[in-house]
Every structure is written in C-alpha cells, then in structure tokens.
A.B. asks: 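The structure under discussion is supplied below as structure tokens; questions concerning it will follow.
None of these values were measured; they are calculated from a predicted model.
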Amino acid sequence: KMADTISWALRGGYMLKDQMMILDLLAHNDWKRPVCYATGMPNAAYGGLNQYLQQEGLVYRIIPFRQDSGTGLGIHTKGMYDNVKKYFEYGHCDQPGIYLDESVERFFTEPMRTAISRLAMQLLTEGENTKAAEIARLCLTKIPAVNAPIDANYATLVEVLYKAGDAKSAGPFARLVFQEYEGKIRFIQSVIPEGTADSYQLSETLQRLQWLAETKGDKTNAVEFLNRLNQIAIPKFDPNPPVDSVLQDSLPDTVRKEK
C-alpha cells in the first residue's frame, strides 16, 4: 500500500547537494518516474532511506512504502528475477581465456555475483527452489571461476544449489570452492600454524560444503571433503554447536580476540 507520506532521519549536521537533489526529486516527482540508487554504495550514500529502498537488479529503487524488516534494503524478487533472466548481460565473461582486470572484477563481476546471490537466497526463502537453482546456475556459468576468482558470493550460490535440491549441479562447483579455499588454508597454516581469522572463515565454508554434500545426497563429495578436512585438522561441521562458533574451541586465543 502506498504511503501518504514517507519519513526518515537525516544524520549529521549538514546536507550535501546530492542529498538535496534527492529530496527535491522526491518532493516533486510524484512517483511518475523511478528514482534509483546504484547497489554497492556505502550505506551513508543512501541518505537514511534504507527502509524505502527495494532492489530490482543492480539498483535500489525508492518505493513509496516502508519496509520494516531489518535494515531495509528489500528485494523485489519477481521483478529482479525477470530482469536477470531477460536483460542481464555478462560481457563474454564465460569466454575461455578472457582477461578480467581488477576494475572489471570490482565494478562488474563482484556486484553481479552479489546481486544474483542475494536474489537466489531470497527466492529460496520464498520457496521458489526451481527459480533459485536456475538463477544460481546462470551466474556460476556466466561468471565462471576460471575467469573471475572464487569469492563468498560464489560459495553462496553453490549453497543455494544444494538447498534447492540440485546436488548434481552443485557438486562440480563445490569442488572448485573446496579446492580454492583448501589451498588458501594450507598456505596460511604453512606461514602461521596457529591460524588466523581469515583461515577460520575459510574453514567454516569448507565445513558447510561438506555438511551440505552429506545432507543433500552428494555422497561422493561428502566423503572426499571429510577426508580432506581431516588432513588439514578441521573438525566436521556441527549444525547445533554448543557455542557460538563451530570452531571456537579449537581456535587459539589470538584468533578469538581478532575475531
């Protein structure tokens, strides 16, 4: 339902011209044309309007009703799903041997993976498992690990595939994530045997991958991942840990403090 008025808090003791421009647009636009922010901006750039922002792709659209869930920044799953399917293009990122420099990764592949992984997770939450798996496969295929480094969003998309019931598709991607993160952990262990906060986070991802493979019917990867976890002294994932972290008991004090 459209609100008669929208209200939000402006923080700080001054306003910049870009903020004044947005206020003027909202006051006179009468919702005739969309007013959008780019995703990936610092939170302060949204001028306190988070509760009125809804993601529809690579933009947040200002909407005339308040979202009271969490920090705002909602997502229009149907609209964004259609946009991803019909209009998103990937600049031949899946072309073998193509070079993606740091700027392409920072301003294109990372935002694309972030946006699509967020959509896939929301579709999963809404029970749209088929669409969630479809979107996850699309992103993993169009922005492959061979050209764009594996990151947390890549791992999230693999998790979506498992949870959506597509273990067959998830398996090969899971092996890529496991290989990449295991290599990083082995390197950290060779330099800092007691581990770091980074190796802790990587370990959590490997634990979850093994658990997902085991609980979602990917038996081959489940057995292999467990053996490889044992080789690098990482315990098996416990979905109901007695403490706030599955690795807390095994972490050195220095890492606990850093975390």
Side-chain angles (χ1 to χ4, degrees), residues 40 42-43 93-94 96-114 116-118 121 136 139-140 143-162 170-216 218-259:
N43 194 55
C93 284
D94 57 342
I98 194 170
Y99 173 66
L100 305 178
D101 66 13
E102 183 271 341
S103 294
V104 173
E105 291 176 6
R106 186 153 55 99
F107 295 112
F108 181 72
T109 59
E110 289 181 10
M112 289 285 272
R113 277 183 180 164
T114 300
I116 295 176
S117 65
R118 186 166 185 252
M121 287 297 289
C139 186
L140 291 168
I143 310 178
V146 68
N147 291 332
I150 289 173
D151 56 15
N153 290 306
Y154 190 100
T156 296
L157 291 165
V158 175
E159 181 174 342
V160 167
L161 286 176
Y162 274 125
F173 298 118
R175 288 194 291 274
L176 291 175
V177 176
F178 206 99
Q179 179 179 346
E180 176 74 13
Y181 284 14
E182 180 187 7
K184 290 181 178 180
I185 290 172
R186 287 183 180 275
F187 173 76
I188 293 173
Q189 289 177 340
S190 70
V191 179
I192 309 174
E194 65 272 21
T196 66
D198 286 339
S199 62
Y200 166 80
Q201 292 172 348
L202 294 170
S203 298
E204 280 191 324
T205 300
L206 296 190
Q207 288 178 311
R208 287 193 61 81
L209 281 177
Q210 192 282 327
W211 176 73
L212 286 166
E214 185 177 275
T215 56
K216 302 302 179 181
D218 187 3
K219 295 182 180 179
T220 301
N221 276 340
V223 172
E224 179 185 341
F225 291 169
L226 182 58
N227 289 334
R228 289 163 69 176
L229 284 177
N230 291 334
Q231 291 173 16
I232 52 179
I234 295 177
K236 188 176 179 180
F237 178 69
D238 181 0
N240 299 300
V243 292
D244 63 341
S245 167
V246 294
L247 289 178
Q248 190 68 25
D249 290 338
S250 60
L251 280 174
D253 291 338
T254 55
V255 178
R256 285 200 194 99
K257 292 177 182 177
E258 185 178 351
K259 181 173 176 63

A.B. asks: Apply the test side chain to side chain contact (heavy atoms under 4.5 Å, CB included) to residues Ile232 and Leu206: give CA-CA distance (whole Å), side-chain angles for both, the deciding distance (0.1 Å), then the verdict.
C.D. replies: CA-CA 11 Å; Ile232 52 179; Leu206 296 190; 4.1 Å; yes

A.B. asks: To the nearest 0.5 angstrom, please state how far the CG atom of Leu157 sits from the CG atom of Asp151.
C.D. replies: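 Atom-to-atom, Leu157:CG and Asp151:CG are 8.5 Å apart.
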
A.B. asks: Run Asn153 and Glu110 through side chain to side chain contact (heavy atoms under 4.5 Å, CB included) and show every step you take.
C.D. replies: CA-CA 8 Å; Asn153 290 306; Glu110 289 181 10; 6.0 Å; no

A.B. asks: With the side chain counted from C-beta on, respond yes when Leu212 and Val158 share a heavy-atom pair under 4.5 Å apart, and no when they do not.
C.D. replies: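 A side-chain contact is absent here, since even the closest heavy-atom pair is not under 4.5 Å.
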
A.B. asks: Once rounded to the nearest 0.5 Å, what's the spacing between atom CD1 of Ile185 and atom OG of Ser190?
C.D. replies: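 Here the rounded value is 12.0 Å.
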
A.B. asks: Using ring-ring contact (aromatic ring centres under 6.0 Å, His included) as the criterion, point out the one residue from Phe225, Phe173, Tyr154 that pairs with Phe178.
C.D. replies: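 So, applying the ring-ring contact (aromatic ring centres under 6.0 Å, His included) to Phe178 and each of Phe225, Phe173, Tyr154, only Phe225 qualifies.
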
A.B. asks: What closest approach, in Å, do Leu100 and Asn147 show between heavy atoms, and which atom pair accounts for it?
C.D. replies: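 The pair with the smallest heavy-atom distance is CD1-O, 3.6 Å.
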
A.B. asks: I need the minimum non-hydrogen distance between Tyr162 and Ala174, along with the two atoms involved.
C.D. replies: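 Here Tyr162 and Ala174 meet closest at OH-CB, 3.5 Å.
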
A.B. asks: Would you give the length of the straight line joining atom CD of Gln207 to atom OH of Tyr181, rounded to the nearest 0.5 angstrom?
C.D. replies: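 Between atom CD of Gln207 and atom OH of Tyr181 there are 14.0 Å.
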
A.B. asks: Please round to the nearest 0.5 Å and tell me the distance separating atom OH of Tyr200 and atom CD1 of Ile188.
C.D. replies: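 So the gap between those two atoms works out to 14.0 Å.
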
A.B. asks: Which heavy atom in Ala155 sits nearest to a heavy atom in Val177, and how many Å separate them?
C.D. replies: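 Answer, listing the atom of Ala155 first, then Val177: CB-CG1, 4.2 Å.
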
A.B. asks: Can you tell me how far apart CG (Leu229) and CD (Glu224) are? Round to the nearest 0.5 Å.
C.D. replies: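 Interatomic distance, Leu229 CG to Glu224 CD, rounded to 0.5 Å: 10.5 Å.
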
A.B. asks: What are the two closest heavy atoms between Thr156 and Ser117, and how far apart are they?
C.D. replies: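 So the minimum-distance heavy-atom pair works out to CG2-CB, 4.2 Å.
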
A.B. asks: Rounded at 0.5 Å granularity, tell me how far CG in Leu161 sits from CG in Asp218.
C.D. replies: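 Between atom CG of Leu161 and atom CG of Asp218 there are 11.0 Å.
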
A.B. asks: Mind listing the closest non-hydrogen atom pair of Pro144 and Cys93 along with its distance?
C.D. replies: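 Smallest interatomic distance, heavy atoms only, reads CD-O, 3.6 Å.
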
A.B. asks: Taking the side chain as C-beta and beyond, is there a heavy-atom pair between Gln179 and Arg228 under 4.5 Å?
C.D. replies: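 In short, these two side chains touch, coming nearer than 4.5 Å.
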
A.B. asks: Any salt bridge between Glu182 and Arg186, counting N to O under 4.0 Å?
C.D. replies: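 Yes, charged N to carboxylate O under 4.0 Å.
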
A.B. asks: Let's go through Arg113 and Glu105 carefully: what are the C-alpha distance in whole Å and the side-chain angles of both, what is the deciding distance for side chain to side chain contact (heavy atoms under 4.5 Å, CB included) to 0.1 Å, and is it a yes or a no?
C.D. replies: CA-CA 10 Å; Arg113 277 183 180 164; Glu105 291 176 6; over 6 Å; no

A.B. asks: Show the nearest heavy-atom pair for residues Leu226 and Gln210, with the distance to one decimal.
C.D. replies: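 It is N-CG, 3.6 Å.
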
A.B. asks: Please step through side chain to side chain contact (heavy atoms under 4.5 Å, CB included) for the pair Arg175 and Asn221, ending with a clear verdict.
C.D. replies: CA-CA 8 Å; Arg175 288 194 291 274; Asn221 276 340; 3.2 Å; yes

